[in-house]
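In what follows, a single structure is set out as C-alpha cells and then discussed.
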Amino acid sequence: MAIKEYKTIKEVVGPLMLVEKTKGVTYDELVEIRLKNGEVRIGKVLEASEDACLVQLFESAQGLKIDDAKAVFLGRGIELDLSPQILGRVFDGMGRPIDNKGALLKELSKNINGEAMNPYARDYPSEFIQTGISAIDGLNTLVRGQKLPIFSGSGLPHAKLAAQIARQATVLKADDKFAVVFAAIGITFEEANYFISDLQKSGAIERAVMFVNLANDPAIERIATPRMAITAAEYLAFELGMHVLVILTDITNYAEALREVSAARKEVPGRRGYPGYMYTDLASLYERAGRIRNNKGSITQIPILTMPEDDKTHPIPDLTGYITEGQIILSRELNLKNITPPIDVLPSLSRLKDKGIGKGRTRADHADTMNQLFANYARGKEAKELATILGESALSEMDRLYARFAEEFEKRYLNQGFEENRTIEETLTIGWDLLRILPASELKRISEENIKKYY
C-alpha cells in the first residue's frame, strides 16, 4: 500500500490526534508523526472516516507542534521483525531489542494482529507438558495447545510462579524443540529485572524470547505487547516446528489499558467501565493458542491475572474463564501458611487434563491417584473444619486420619518452594506416600490393579 503524507493535523488531546482531509486511511494503520526538528513519533489509526481519522499516539504528545508536524500513513499495521535469532533476546513492548545485543537480522515481518486459526485445521490438545510443579502436573495437568490461566490476587507470588514455570516447563520427548515466550505487561522495573535475571541465571533465557512493557510505558503499547509475544510464538511454532509456551503477565494491566483507550475514545462503557468488546478482545489473544493438523509445532498459553479484591466474578477473570480451558487459582489462605506455590487445587481446574495423562503419556495410575487425592483432600479439609468447631475429640478415628492427610498433603505435595523441579514420577510417588496414610479399603477411586502395584 502507498505511503500518504498529510500536514492537516487539526488538534491533539492527550494521546489522541485528529488528522483531517485524509483519503483511503484504514483502521489500525501505522502512522509516523514527523516533527520539524527531525524527531519521529509513532501512532496508529483508531478510527477512520471518509475525510478524517483519529490517531492514537504511542508516546506522549509533549512538545508536539501541530503547525509544522506532518502525519505519514505507512499503509500497514504494526509488524514484528522475526528470525530464528529471536531466541535468547529481550525486546520492549513494541518489539525493539533492549538487551544491548544489537539489531535483529530479520528474515520476515508479520502483522501482530495475526490471522485466525481455521477451526477445521485445529488439532485436539493431547500431550502432557511438565511444569515441575506437583499441584499442576499431578492434579491440574497442562496439555500442549491448551490455554490455562492463573488467577491470582495482589500481593500473591504469581511472579515467582511465572518465573518457575518459564524456567522448568518442558515436553517429555527428548527430540522435541521447546521454547518459552514471556510477555510482561505493565509491570514495574523491579519485576522486569527479576524475570530477566532469573531466566539468565538458570540459562533458560537461551530458549526464551522476552517482551517487556513497563508500567510507565504508554497504555497503547500495553495493548500491542501480548500480540507481539503471540506473533513471535506463532513464528516459532508454525514456521520452525517448535513447542512454545506463552506466559502473559499481567492480563489485568492489559484490560486496564483497554479501558483507558476506550475512555479516551468516549465509548459507552460496559461492566465496571471496561469496554463492551472486552470479551472479543481477550478472545483474539487467547484463541491464538492451539495446534494445527500435520504441523509439528504447538502454542500453549498461560495468561496470569490478578483479580481485583480477589473477586472471581470481576469482568477480567470472569470473561477469561469463559474463553480458556480451566484455571489455576492461588490462595491467600495457603500463602499465609507459607505454602509455596499457594495453589488451591480444589477450585482449580484443567478441563483438558484427562487428554494429557495416563499410559504412554505420564503413567497408567495417574488418573486414579489424581481423583483419589482430590477426594481425600476435600474430605480432610471438612474434617479439619469440624474439629475447629466441635474439637478434635468429636472426630471419628477415620476423620482424624483424613484431617492428618489434609495437613500432610499441604505440607508435602503442595509445598515445594519455587526452586524445586519435580518430575511427574516424583509427583506420583509423593501422591502414593500420602495415600498410604489411609487404609487401602478407603481408596475407592483406584483400581485393584493399581492398588496391588503401587500401594
Side-chain angles (χ1 to χ4, degrees), residues 58 77-99 104 106 108-117 145-150 158-159 162-163 165-167 169 178-187 191-192 195-196 198-199 204-215 217-240 242-255 257-258 281-290 297-305 320 323-324:
F58 286 124
I78 304 170
E79 291 183 340
L80 176 65
D81 292 344
L82 294 161
S83 84
Q85 276 77 47
I86 59 173
L87 285 167
R89 300 293 306 264
V90 183
F91 302 91
D92 69 2
M94 289 301 291
R96 295 172 290 231
I98 51 169
D99 52 7
L104 189 76
K106 70 166 184 174
L108 73 162
S109 296
K110 281 187 171 237
N111 187 312
I112 63 163
N113 294 310
E115 290 165 17
M117 214 183 273
Q146 185 179 7
K147 316 175 275 291
L148 186 63
I150 292 173
H158 49 269
I165 294 171
R167 208 170 49 233
F178 189 76
V180 174
V181 176
F182 196 105
I185 308 159
I187 62 168
E191 279 181 297
F195 285 130
I196 295 168
D198 187 87
L199 289 180
I205 192 100
E206 293 310 315
R207 52 158 200 177
V209 188
M210 286 191 80
F211 291 86
V212 180
N213 163 267
L214 297 175
D217 289 332
I220 191 78
E221 185 178 302
R222 210 152 299 157
I223 293 172
T225 306
R227 291 183 166 79
M228 291 274 170
I230 296 166
T231 304
E234 285 170 342
Y235 169 73
L236 293 171
F238 305 130
E239 309 258 336
L240 304 185
M242 300 178 86
H243 299 297
V244 187
L245 176 66
V246 182
I247 299 173
L248 308 169
T249 179
D250 181 334
I251 291 293
T252 302
N253 295 337
Y254 171 82
L258 265 191
D281 195 283
L282 288 172
S284 74
L285 295 180
Y286 300 148
E287 288 298 345
R288 287 168 75 179
S298 65
I299 295 177
T300 309
Q301 264 188 34
I302 299 187
I304 297 173
L305 55 95
T320 294
I323 306 163
T324 53

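Side-chain atoms are counted along with the backbone in the values below, which use heavy atoms only and exclude waters and symmetry mates.
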Problem set entry | Matching residue for P226 among I185, V246, N213, T231 - test: side-chain contact (heavy atoms from CB on, under 4.5 Å) | I185
Problem set entry | Partner of K147 by side-chain contact (heavy atoms from CB on, under 4.5 Å), out of I302, T324, T320 |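 That would be T324; it is the only one of I302, T324, T320 passing the side-chain contact (heavy atoms from CB on, under 4.5 Å) with K147.
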To the nearest 0.5 angstrom, please state how far the [atom1] atom of [X] sits from the [atom2] atom of [Y].
X: L285; Y: R227; atom1: CG; atom2: CZ; value: 4.5 Å
X: D281; Y: Y286; atom1: CG; atom2: OH; value: 10.0 Å
X: L80; Y: L108; atom1: CG; atom2: CG; value: 9.0 Å
X: R222; Y: L258; atom1: CZ; atom2: CG; value: 11.5 Å
X: Y235; Y: L82; atom1: OH; atom2: CG; value: 6.5 Å
X: D198; Y: I205; atom1: CG; atom2: CD1; value: 9.5 Å

So [Y] and [X], do their side chains get closer than 4.5 Å, heavy atoms only?
X: H243; Y: T300; answer: no
X: L236; Y: L87; answer: yes
X: T225; Y: Y254; answer: no
X: Q301; Y: I230; answer: yes
X: M94; Y: D217; answer: no
X: T252; Y: L305; answer: yes
X: I165; Y: I150; answer: yes

Looking only at heavy atoms, what is the nearest atom pair of [X] and [Y], with distance?
X: R89; Y: Q85; answer: CG-O, 3.2 Å
X: I304; Y: A162; answer: CD1-CB, 3.4 Å
X: L199; Y: A208; answer: CD1-CB, 4.3 Å
X: A229; Y: V181; answer: O-CG1, 3.4 Å
X: M117; Y: R288; answer: CE-O, 4.0 Å
X: V180; Y: A166; answer: CG2-O, 3.7 Å

Problem set entry | Carboxylate-amine/guanidinium contact E239 K110, below 4.0 Å | yes
Problem set entry | Under the side-chain hydrogen bond (donor to acceptor under 3.5 Å, both in side chains) test, residues paired with D92 that sit two or more places apart |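 If we apply the side-chain hydrogen bond (donor to acceptor under 3.5 Å, both in side chains) test to D92, skipping adjacent residues, the hits are R96.
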Problem set entry | Residues that F182 engages under ring-ring contact (aromatic ring centres under 6.0 Å, His included), provided they are two or more places apart | F195
